[in-house]
J.: 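Questions regarding the structure given below will be posed in turn.
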Number of protein chains: 2
Amino acid sequence: MLGEARRAAIVAMLRATGSVTVAELQAELGISPMTARRDLAELSRRGIAHRTHGGAVIPSIAAHEDSFAHRLEAETDAKRLLADAAVELLSPRDAVFVDSSTTGYFVARRMLELGIELTLITNSLPVMQLVASHAGPNVELVSVGGLMRRLTQSFVGPHAIRTIQGHFADRAFVSVKALTETGMMADVDPLEAEVKRSMIAQANDPVLLIDRSKLSARGLNAIGPVSDVSLVIAHGVQASDLRGVRRLDVAVRVVADKMTGLAGAGPG
Amino acid sequence: MLGEARRAAIVAMLRATGSVTVAELQAELGISPMTARRDLAELSRRGIAHRTHGGAVIPSIAAHEDSFAHRLEAETDAKRLLADAAVELLSPRDAVFVDSSTTGYFVARRMLELGIELTLITNSLPVMQLVASHAGPNVELVSVGGLMRRLTQSFVGPHAIRTIQGHFADRAFVSVKALTETGMMADVDPLEAEVKRSMIAQANDPVLLIDRSKLSARGLNAIGPVSDVSLVIAHGVQASDLRGVRRLDVAVRVVADKMTGLAGAGPG
DNA sequence: TCTGTTTTGATCGATTACGAGCGATTTTCG
DNA sequence: CGAAAATCGCTCGTAATCGATCAAAACAGA
């Protein structure tokens, strides 16, 4: 039996029941456990199967990879540091845009912890929940309306844009999926990209927050040149990663881990 | 059984009933209590489940226990009956306004329980949370934006109005604080009243849901005559209470408690 | 046939999942 | 409020699984 045909059979079994075990493959296809593992590894690499101990499941079962809850777990320290740096910029009674990134969620949480009096404008449902349940009475919340995106728990679309354009804010805290070498900000979802673009446009001092994980991903939908923001706060990136930012002469602040040195490279 | 498949099964049980216990998992899946606990801990880490003593619940239910439970506990039976009657009016693919009343919350929950495919347009944060965590993929959610009112966990103001006016819906389910003898609907908060008025205006078949508790209160801010809605569904009211409604010749359906005979037919 | 490449199978130390024991904690109930 | 019951989760032993590595087999081209 040809390798590719065998893998196709494995895919068929996966689709049928939602999962396969190595032992099943051994019995069903007459192959050794090692070959079964190699095939599953290959299918996992292609994104067709999600490898687990003893076998594999179809990705949709374990697809929470990109869900909000799962993203919260990744790079938590970095986001906390970014949030700390971000809230330092705030003054009482500021109006602030916060987007639907997990980094934005951390920023909002830090704001509430410090009890700063301000107005929050967001398209993120988790941020709304946060404010509704944890905020003191001196925090105003404005929700951007629109259609809900399940994956990111956020609201997008024309109504969201119109509401954003109806507000002027002192600052915006935005995080993007990708930052190219030419200094373009981009995101995977076009509607989400539009929201971020509008927030940046409607804020006096838009701030871009990025950590290392953001630089590898490729975003397809351009948001705009990084020169649209007045400050970039970064964590865990190398100088070469910020080439595009430097080229456009945007102020950068790099936050460092706790004890290892201090923040504040570059103008800013 | 594969670990991930087992956890997927747990998630399915959670979604079906809203909660699971360790003992249930032990019986249903044939696993040890320790494994059940480990799975629940993992799902909790992913944000899919909220751990409790003896088992776990869906996160949003836990969240509501703090903020919303108090109002929800009042007149629960009445609201459930109203909700049952309300969802009977729905057809697949309807677009529906739901306001920020607790009755509206019950209606939304009943819709999701029945898995009806529809588009929900709401200004209620709890309803949004409900849809975000409980709804299947065939439910669309549109959030009305605007300023958050802490007391009712809802969004109001000009941006909310504009978003509502940008939509036409098949139905609207609205509950009001007061219904006068002359047939005027009213509410205590002017902004909230404005939202309800807009929802009624933008729906083909607006429906007013009222229980006895609504008739005693006095609302200061007029919403409009009850003749603006095409149907009133009431519970626990006496004929005299509905004088204003009858005067304006609006269709009324009175839902009765379980076994005591129904007005307007239909299963209660 | 010979030789080089690719695929498959077997070995084995390391890793991981699972279940049982048990003291600590929480809940229930008198 | 105190005691009993249930639940929790830490720890450890066992069993299954994993994947790196190397050898055998299948295959291709000269």
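Throughout, protein chains are lettered first and strands after them, A, B, ... in sequence-line order, and every chain is numbered starting at 1. Scope of the values below: all heavy atoms of this structure, side chains included, with no hydrogens, waters or symmetry mates.
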J.: Which part of the nucleic acid, if any, lies within reach of A:Thr21 when heavy atoms closer than 4.0 Å are counted: base, sugar-phosphate only, or nothing?
T.: nothing
J.: Could you identify which residues of residues 23-34 of chain B place a heavy atom less than 4.0 Å from some atom of DNA chain D, listed by residue number, or say none?
T.: B:Met34
J.: Let me have a per-nucleotide readout for nucleotides 22-30 of chain C, 5' to 3', with B, S or -, counting only protein heavy atoms under 4.0 Å.
T.: ----SS---
J.: Side-chain donor or acceptor of B:Arg51 under 3.5 Å from a matching atom on the base of D:dG9?
T.: no
J.: Rounded to whole Å, how long is the line connecting atom CZ of B:Arg38 with atom C1' of D:dT7?
T.: 15 Å
J.: Between A:Arg6 (CZ) and D:dA26 (P), how many Å, whole number?
T.: 14 Å
J.: For B:Gly54, does its backbone N or O pair with a side-chain atom of B:Thr21 as donor and acceptor, under 3.5 Å?
T.: no
J.: Check this for me: does any side-chain nitrogen of one of A:Arg149 and A:Glu192 sit under 4.0 Å from a carboxylate oxygen of the other?
T.: yes
J.: Would you name the heavy atoms of B:Leu209 and B:Ala86 that are closest together and state the gap between them?
T.: CD2-CB, 4.3 Å
J.: Hey, does the side chain of A:Lys196 reach the backbone of A:Ser175 with a donor-acceptor pair shorter than 3.5 angstrom?
T.: yes
J.: Would you mind reading off the distance between A:Leu40 atom CG and C:dT8 atom P, rounded to a whole angstrom?
T.: 13 Å
J.: Is it true that A:Gln153 and A:Ser100 share a donor-acceptor pair across their side chains at a distance under 3.5 Å?
T.: no
J.: State, without any angle test, whether B:Glu4 and A:Ser19 hold a side-chain donor-acceptor pair at a distance under 3.5 Å.
T.: no
J.: So which pairs with a foot in residues 24-34 of chain A pass side chain to side chain donor-acceptor pair (under 3.5 Å), sequence neighbours left out?
T.: A:Ser32-A:Thr35
J.: Grab the CZ-C1' distance between A:Arg37 and C:dC12 for me, whole Å please.
T.: 12 Å
J.: Can you confirm whether the side chains of B:Ser124 and B:Thr122 place a donor and an acceptor under 3.5 Å from each other?
T.: no
